Amino acid sequence: MSGHVVLGRLALLKLRGVVRKHLRRLARRPAGVLFAFVGTAVAGSWIASLGVGRLFARTSGVDVMEPGFVRLMVLSLVALNVSPTSGSAGSSSSPRSSTGCCRLP
């Protein structure tokens with residue numbers, strides 16, 4: 001058994017709430033929809049290339065275990081993970097930081 005029925009229902013409701021929250025955030029600006037589309041396309045093509053790449057593998061070319069290549073891939077993953085956080089509520093570019101709503105007396 002996977003657990004109580006109510007816990008499964010709670011998990012589904014939480015998932016639905018998270019999806020609705022993200023869709024509302026994306027719909028605020030047209031740029032959000034555009035970035036979501038581009039990000040999904042890039043991630044989907046990368047994942048597809050992992051599966052399809054084996055079909056068209058060459059014996060010569062870039063060695064994927066070469067240290068420079070590995071560093072480049074790690075750097076690109078770090079850049080992808082850091083870039084969405086630049087507009088979060090905790091950053092200095094947030095509109096909330098200029099309102100003074102949370103200043104101490």
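Index from 1, following the sequence. None of the values given here were measured: they were computed from a predicted structure.
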Contacts of type side chain to side chain contact (heavy atoms under 4.5 Å, CB included), residue Val18, not counting sequence neighbours: His22
From OG1 (Thr40) to CZ (Phe35), nearest 0.5 Å: 13.0 Å
Please report the closest heavy-atom contact between Gly32 and Leu26, naming both atoms and the distance. O-CD2, 3.3 Å
Residues 5-14, side-chain donor-acceptor partners within the protein, below 3.5 Å, at least two apart:
none

Rest of the hydrophobic cluster containing Val42 (Ile/Leu/Val/Met/Phe/Trp/Tyr, side-chain heavy atoms under 4.5 Å)? Leu34, Val38
